[in-house]
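Report on the structure given below.
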Amino acid sequence: MQRDAQMTEAMGPTDGLEEIQGIVNDTIFRNEDNGYSVLSLHTGRRDITVVGSLPELATGEQLLLRGVWIEHAKYGRQFQCQSCEIQLPTTLLGIERFLASGLIAGVGPAIAKRIVNRFKEDTFRVLMEEPEKLRDIPGLGKKRWKIIAESFQEHQNLRQGMVFLQSHGVPPALSTKIVQELGENTERIVRENPYVLIERVEGVGFETADRIAMALHFPKDSPFRIQAAISYVLTDASAGQGHCYLPEEELLHQAEAFLGIHPSLLRRELDGLVLSEKLVRETPKEGPVRIWLPRFFHAEDEVARRLSELVRAVPRGNREEGMQRILAFQREHGISFSQKQKEAILQALEWGVLVITGGPGTGKTTIIRCIITLLSREGAVRLCAPTGRAAKRMEESTDREAKTIHRLLEYSGEEGQFTMGTDRPLHCSCVICDETSMVDILLMRALLRAIEPGTRLILVGDADQLPSVGAGNVLGDILQSQAIPSVRLTDIFRQSQESRIVVNAHRINHGEMPLLNEKNTDFFFDRRDTSQSASQTVVELYRTRLPAFKKISLKDIPRTIQVLTPTKKGECGVYQLNLLLQEAYNPASPTLPSLSFKDMDFRLGDKVMQTKNNYDLEWTRQGGDGEMEEGSGVFNGDLGIVADVDTENAKLSVLFDDDRLAVYDHLLLDDLDLAYCMSVHKSQGSEFPIVIMPVVPGPSMLLTRNLFYTALTRAKDMVVLVGQERVIHQMVENNQILHRYTALSECLQRMNTLY
């Protein structure tokens, strides 16, 4: 039942909270991040101030609020709202103000007055139940009355959905996403099963859905909750640790610790998930039973099958003829290949698939140039890499066009969907993919789908680097299987031996301490006894010492110097160092435009990084011919500079390293992080002229040899380590490699791809 708008304060009899009903005069203040608002509310006989986390409200909206009175030291008496219900006004003036507020499409002040004059207190019932009567209003055409009716009904449904979500602790920005996805049925769907939000709305994880469920009094042993938790543990294992599956007992153990639920209930719901084909149970000949998310189970099987088809699909070349072509290339270019390099080139001419792996300075780029030249006689050779920075580096080193895998496959704007694929393959003689260690199992499947039998595939990468951020261990598993032709380059060439970065990277990879602080080298170590002094030194090196030493201009510092760190937390973690580096390089100023989001300020000129795949974000790029290219899709790890800040509309523009310009509204800022400092994991596939890395105590699972090796191989011209020598020794000694549960190697061996 609607309450009269003239009612004022009334005591809530059951829980000690007061009820206040009134009409919104104005929103005095609103924080878009958390919804905290200060309202002026007209209660009938007086205006009061209301504070609390509230949905975005328009002037004229009628509210029923529940809360308590508080006395603010500066602003005096205020009503602190704990729950909010949006109601339709019942007075003629309130109805007219509501319709004229701009919330309803097609209605301005004049039309609002005509509608209210015609239908009086019956206006809202007419809009909901008999909207065709709007045709009788002067000035409304055949289409306009339908627009008004549809807008009114949609507004009511969406507003109640927003209020429902926010009253159960969902932040305003996320509430908006949920309502946009679920529409007018938001409240019904969430009340039935809040855990569906995990699958249907990006940004909703188990904890958010569980918090809503608990507020709705869902039992802790609800089947919906248990099934969601099991799926969450598997999803988190893939996203966080790169696993494609988990052993069944390990999955159940983690779920039990997570939920505190009896194992028998977990097993019952796990069986239900397998029966409904939401999960896959596999019983191998040896080892424990495995539980998979279906997409990874099918992806590993398909990758193995397609590699098996490709490896023999090319007719074997004549080895003697191939050697003559290699010798001719050497004479023409005045170079001499090692025996291992010649073998790699010969196998590239012989097989449908070849893996070339090796560390820095082992000549991978040189032989790729030769392979491109020799295979170009058979047809087009396409070059690709998993990231924009890696593709750009490949292009510079080969003088051939190179694209990201997403661009090569003509990403279609939807996650995992590409224009190029089985029905529209790449028409070329060969595809060469660099930085393959970064390619996860789903992206490898997409690439293989676009390569038809008869097309050569050459995978290039460093198997000793960290594996992909996404699930799988593609390069490592292919090499382990010994089912695909491969060549490992180990010789360091003379010009590379002059670089202590290269020499030390190989020393570390062999378990030897790097050579520290030799004179006239590109490798430096700055000793600091504490993490705090190390962080201060990192900032000094970034802002003043290295720019002065290398004559780097202020604007070029972010593109020239990169701080890498093993950890996210602590004095020398990603979060703290980013704040210190931002303040040193780009300090806050009244004249510097900025946008605040959560605990970060994004300022004009800041270096930033995209932290998740956004397949819908549109971008533009000025082409070499002057024409504007348009596209969509910005991906995890992409780096750029804040090129513009629109404080009035709460938007900022980011110019990425490959010259794409993307505009972020306030809701998308959650996808950005400062990137003066980044984790070593996030740096994969990138190369920076200068790398600074703190080496201070931290978790042993992060201070590992292959992480240290990966960090050093990101540097092109100089490395500066800052911290403690004993930590360097610890990292070199710690050859612990976090095991990933994958089965691609087994799949390849099972398919008997042995060449």
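Judged by the 6.0 Å distance and 45° axis criteria, R660 is positioned over the aromatic ring of F656.
For the residue pair Q339 and E343, no side-chain donor N or O sits within less than 3.5 Å of a side-chain acceptor on the partner. Side-chain contact of K607 with Q562: a donor-acceptor pair under 3.5 Å is present, judged by distance alone. Of the N and O atoms on the side chains of D477 and T742, at least one donor lies less than 3.5 Å from an acceptor on the other residue. Side chains of D462 and S437: no donor on one and acceptor on the other come within 3.5 Å. Side-chain contact, D606 with Y585: no donor N or O sits under 3.5 Å from an acceptor N or O. Using modelled atom types and a 3.5 Å distance limit, the side chains of D673 and Y575 yield no donor-acceptor pair. Judged by distance alone, the side chains of T530 and S533 do bring a donor and an acceptor atom under 3.5 Å apart.
At a threshold of 4.0 Å, the pair R290-E248 does not count as salt-bridged, since none of the basic side-chain nitrogens sits closer than that to a carboxylate oxygen. A salt bridge does not link R750 to E746: none of the charged nitrogens lies less than 4.0 Å from a carboxylate oxygen. Using a cutoff of 4.0 Å between basic side-chain nitrogens and carboxylate oxygens, E687 and R714 are not scored as salt-bridged. A salt bridge links E302 with R306; the closest basic N to acidic carboxylate O contact falls under 4.0 Å. Note on E435 versus R393: salt bridge recorded, some NZ/NE/NH1/NH2 to OD/OE distance being below 4.0 Å. In this structure, D440 does not pair ionically with R445, as no charged nitrogen and carboxylate oxygen lie closer than 4.0 Å.
Between the SG atom in C677 and the CE atom in M609 there is a gap of 9.0 Å [rounded to 0.5 Å]. Rounding to the nearest 0.5 Å gives a distance of 5.5 Å between CG of D657 and CZ of R559. L581 CG to Y676 OH: the interatomic distance, rounded to the nearest 0.5 Å, is 8.5 Å. The distance from atom CG of L447 to atom CG of L426, rounded to the nearest 0.5 Å, is 7.5 Å.
Under a 3.5 Å cut-off, the side chain of R369 and the backbone N or O of T398 do not form any donor-acceptor pair. T436 places no side-chain N or O within donor-acceptor distance of the main-chain N or O of L475, the cut-off being under 3.5 Å. A donor-acceptor pair under 3.5 Å is absent between the side-chain atoms of T565 and the main chain of V574, judged by distance alone. In this structure, the side chain of Q724 does not engage the main chain of R726 through any donor-acceptor pair within 3.5 Å. One N or O on the side chain of N504 and one on the backbone of R500 form a donor-acceptor pair closer than 3.5 Å.
P689 is linked by a side chain to side chain contact (heavy atoms under 4.5 Å, CB included) to T560, D717, counting only residues two or more places apart in sequence or in another chain. Remark: E250 pairs with no residue by the salt bridge (Lys or Arg N to Asp or Glu O under 4.0 Å) rule, at least two apart or across chains.
Aromatic ring orientation, H510 versus H506: tilted (interplanar angle from 30° to 60°). A tilted orientation is assigned to the rings of Y245 and W292, their planes being inclined by 30° to 60°.
Within 6.0 Å of NZ in K568 there are 12 or fewer heavy atoms belonging to other residues, nucleotides or ligands. Around atom CE of M701, no more than 12 heavy atoms belonging to other residues, nucleotides or ligands sit under 6.0 Å away.
Less than 6.0 angstrom separates the ring centroid of F418 from the ring centroid of H406. Taking the six-membered ring where the residue is Trp, the centroids of Y741 and F296 are separated by 6.0 Å or more.
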